[in-house]
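In what follows, a structure is listed as structure tokens, so that the remarks can point back to it.
Below, read A as the first sequence line, B as the second, and so on, with proteins coming before strands; counting in each chain starts at 1.
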2 protein chains.
Amino acid sequence: MADQPTGVSSLKTLDNALAVLSEFTLETPTWGLRELSKKMDMNHTVLHRILRTFEGWGYLRQNPLTKEYELGLKILEFTSVVKQRMKLSEFVVPVMHELVEEVGETAFLTLKDGDKGVTVEIVECDRPIKFNVSIGTRTPLHAGASCKVILAFMDEEEKPGVLPESLQAFTARTVTEREALIRDLEEVRETGVCVTKGEFSDAVCGIAVPLFNARRKVVGSLTIAGPGYRMPDEETPELAEKVMNKGRIIQQYIDRFGSFY
Amino acid sequence: MADQPTGVSSLKTLDNALAVLSEFTLETPTWGLRELSKKMDMNHTVLHRILRTFEGWGYLRQNPLTKEYELGLKILEFTSVVKQRMKLSEFVVPVMHELVEEVGETAFLTLKDGDKGVTVEIVECDRPIKFNVSIGTRTPLHAGASCKVILAFMDEEEKPGVLPESLQAFTARTVTEREALIRDLEEVRETGVCVTKGEFSDAVCGIAVPLFNARRKVVGSLTIAGPGYRMPDEETPELAEKVMNKGRIIQQYIDRFGSFY
DNA sequence: CATATTGGTTCTTATATCGAACCACCGGTT
DNA sequence: AACCGGTGGTTCGATATAAGAACCAATATG
């Protein structure tokens, strides 16, 4: 998390507050008042007021024993709203379940949000070893099948804005060469599907197809991912075909009901 | 949504902002600037700044076509944090799945949050007709099995604070008589399980057992719910037994790993 | 083409936030 | 017990900051 504020036309108090909220992450889900005030280099009185206000609304709550603050249950209220807005559960998830049945690997749906891909829905497969990811995860667009396929189908003029100067390497196999990446993307555009091996996480193979809105702009992707040894090269074409089929079904749904502007 | 602020030691700007955010509900997920400013009786300039600040952080986003605002994907980031904090996915959900297999109805986990019960996890059954509920739903504690069972096991001194003056009726069968409710709760405490029929939603039967934290305070409940005709009186004892069994397993887990302070 | 919307911006005033200094409490040291 | 360093929490005056009337620009409607 720990995003940057926009800086333009924003409320300082609210900016501060949201910066505070963003510190409650998977890595550091709880904070003491003083502890967080040091971390953020923020006057502890100011921080205290912010925490209390959030607490009053249920966004945060204080552990009565340790006095530490953590995210409150109020947050959960919004997830239903977001998801229903994306119309995910009623139609897309069942299709994802079918896909998981067919391929035996975890499937997930990614949406483009600015210069990041966000995992918005996951259907896990029923095996002890499987690809693991959390809802809400944000990753740059240049690595991993789910994100690369989005990048591949973006308008040329939009790309410069979302690609950073230097492409961060997540594994030894992440494509960090601009030229190489562009060649990759061209191939993805030709075949209509993106297959990656260990680019974002070691030993993970991903197969992804793009999803478009009514104006033919990429808005996200449908992906399956699993351990590389279960997805050898000779089987990927067959798997890719299955992902593309389900992708087409979801696409038809989007076209008809116009979600994901 | 649309909760009240606490009023004590809070930041007005942030309070305003959170009040704004709370207007983005399942019923009204999108708002135009002027439209919302009227609804909230708030100067549109002020509102505009709030919306823009939220937008800058990804909590809201503006539909570029309609110019309306809606919740952004940033929200999803937090859900993983909350859930992992509750340690739900890794252990509790599998147990809930087992329960759903056994009884063939939807199961859900409710946590007490102040004077409300919050649905934090749902495992739906695999039937066309089933009980439906959204994650994050907040309901008063006096109606429905999932909430009544929490109320039943709360400390006596804590109850006055959470029970409103008049008990809202959700259906014709909601218990709104204080005396009757107290008798119900006593029975629940004796049997250790709460069975309700159509108290919160018409024709819905719910069976719930309480969950306690390390200090033996009720923190939530495990519930199954389905259409009344599939859960006739003669079968409820058997179903209740199954819910209690799974409840015990989850309870053991909580006792060992101490989630849900 | 006038009117009434909409979203968005500017600039002044007054108000709401900041933050130093302040408790009260707790646990360990001396 | 007195002291220290560490919590979380509170108070109140100075001033930075957000409120809001008046203002665009654009679109839609008659």
Side-chain angles (χ1 to χ4, degrees), chain A residues 4-24 28-72 85 114 215 261, chain B residues 4-24 28-72 85 114 215 261:
Chain A
Q4 70 294 346
T6 46
V8 62
S9 122
S10 55
L11 297 172
K12 191 174 173 241
T13 309
L14 183 52
D15 258 336
N16 273 341
L18 296 181
V20 168
L21 201 62
S22 292
E23 293 294 331
F24 293 82
T28 54
T30 66
W31 288 99
L33 171 60
R34 243 58 182 209
E35 182 189 12
L36 184 52
S37 88
K38 275 175 204 150
K39 163 75 197 306
M40 300 193 70
D41 194 23
M42 180 183 265
N43 181 297
H44 79 277
T45 308
V46 175
L47 178 62
H48 181 245
R49 269 192 299 261
I50 293 173
L51 294 175
R52 281 300 264 273
T53 308
F54 274 129
E55 196 192 3
W57 285 85
Y59 290 84
L60 293 177
R61 59 177 188 175
Q62 191 178 28
N63 185 319
L65 304 172
T66 65
K67 299 287 179 190
E68 289 197 320
Y69 294 86
E70 64 180 32
L71 289 174
R85 188 88 199 109
R215 303 199 318 293
Y261 57 82
Chain B
Q4 69 295 349
T6 45
V8 62
S9 121
S10 56
L11 297 172
K12 191 175 173 240
T13 309
L14 183 52
D15 258 336
N16 274 341
L18 296 181
V20 168
L21 202 62
S22 292
E23 293 293 331
F24 293 82
T28 53
T30 65
W31 287 98
L33 171 59
R34 241 63 181 208
E35 182 189 11
L36 184 53
S37 87
K38 274 175 206 151
K39 164 74 197 306
M40 301 193 71
D41 194 24
M42 181 184 266
N43 180 298
H44 79 278
T45 308
V46 175
L47 178 61
H48 182 244
R49 270 191 298 259
I50 293 173
L51 294 174
R52 281 300 265 274
T53 309
F54 275 129
E55 196 192 4
W57 284 84
Y59 289 84
L60 293 177
R61 60 177 188 174
Q62 191 179 27
N63 185 319
L65 304 172
T66 65
K67 299 288 180 187
E68 291 197 318
Y69 294 86
E70 64 180 33
L71 289 174
R85 188 87 199 110
R215 304 198 317 294
Y261 58 79

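In this structure, CG of A/Leu51 is placed 12 Å from P of D/dT10, rounded to the nearest angstrom. In this entry the distance linking CH2 of A/Trp31 with P of D/dG9 reads 17 Å, nearest Å. For the pair A/Lys67 NZ and C/dC26 P, the interatomic distance rounds to 10 Å; values are reported in whole Å. Rounded to whole Å, atom P of C/dG19 lies 10 Å from atom CG of A/Asp41. The CD atom of A/Glu68 sits 17 Å away from the P atom of D/dG6 (whole-angstrom rounding).
OP1 and OP2 of C/dT6 both lie 4.0 Å or more from every side-chain N or O belonging to B/Tyr69. Here B/His48 does not reach the OP1 or OP2 of C/dG7: none of its side-chain N or O atoms lies under 4.0 Å away. In this structure, B/Gln62 does not reach the C/dG7 phosphate: none of its side-chain N or O atoms is under 4.0 Å from OP1 or OP2.
For the pair A/Leu14 and A/Lys38, both in contact range of DNA chain D, the more 5′-proximal nearest nucleotide belongs to A/Lys38.
Distance NZ/A/Lys12 to OG1/B/Thr13: 11.5 Å, rounded to 0.5 Å. A/Asp15 contributes atom CG, which lies 11.5 Å from atom CG of B/Leu14 (distance to the nearest 0.5 angstrom). To the nearest 0.5 angstrom, B/Asn16 atom CG is 11.0 Å from B/Leu11 atom CG. To the nearest 0.5 Å, the span separating NE2 on B/His48 from CD on B/Glu55 amounts to 8.0 Å.
Between A/Thr53 and B/Leu18 the shortest heavy-atom distance is O-CD1, 4.4 Å. Of all non-hydrogen atoms in A/Glu68 and A/Gly32, the two that sit nearest each other are OE2-N, 3.8 Å.
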How does protein contact run along nucleotides 19-30 of chain D, one letter per nucleotide 5' to 3', with B for base contact, S for sugar-phosphate only, - for none, heavy atoms under 4.0 Å? BBBB--------
Which dot-bracket string fits DNA chain C when only Watson-Crick or G-U wobble pairs with both atom distances under 3.5 Å count, crossing pairs get [ ], and | stands for a partner on a different strand? ||||||||||||||||||||||||||||||
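Applying the salt bridge (charged side-chain N to carboxylate O under 4.0 Å, His left out) criterion to B/Lys39, with sequence neighbours excluded, gives B/Glu23.
Under the 4.5 Å side-chain criterion, counting only non-hydrogen atoms from C-beta, A/Leu36 is in contact with A/Phe24. Side-chain atoms of A/Tyr59 and B/Leu21, non-hydrogen and from C-beta on, do get closer than 4.5 Å to each other.
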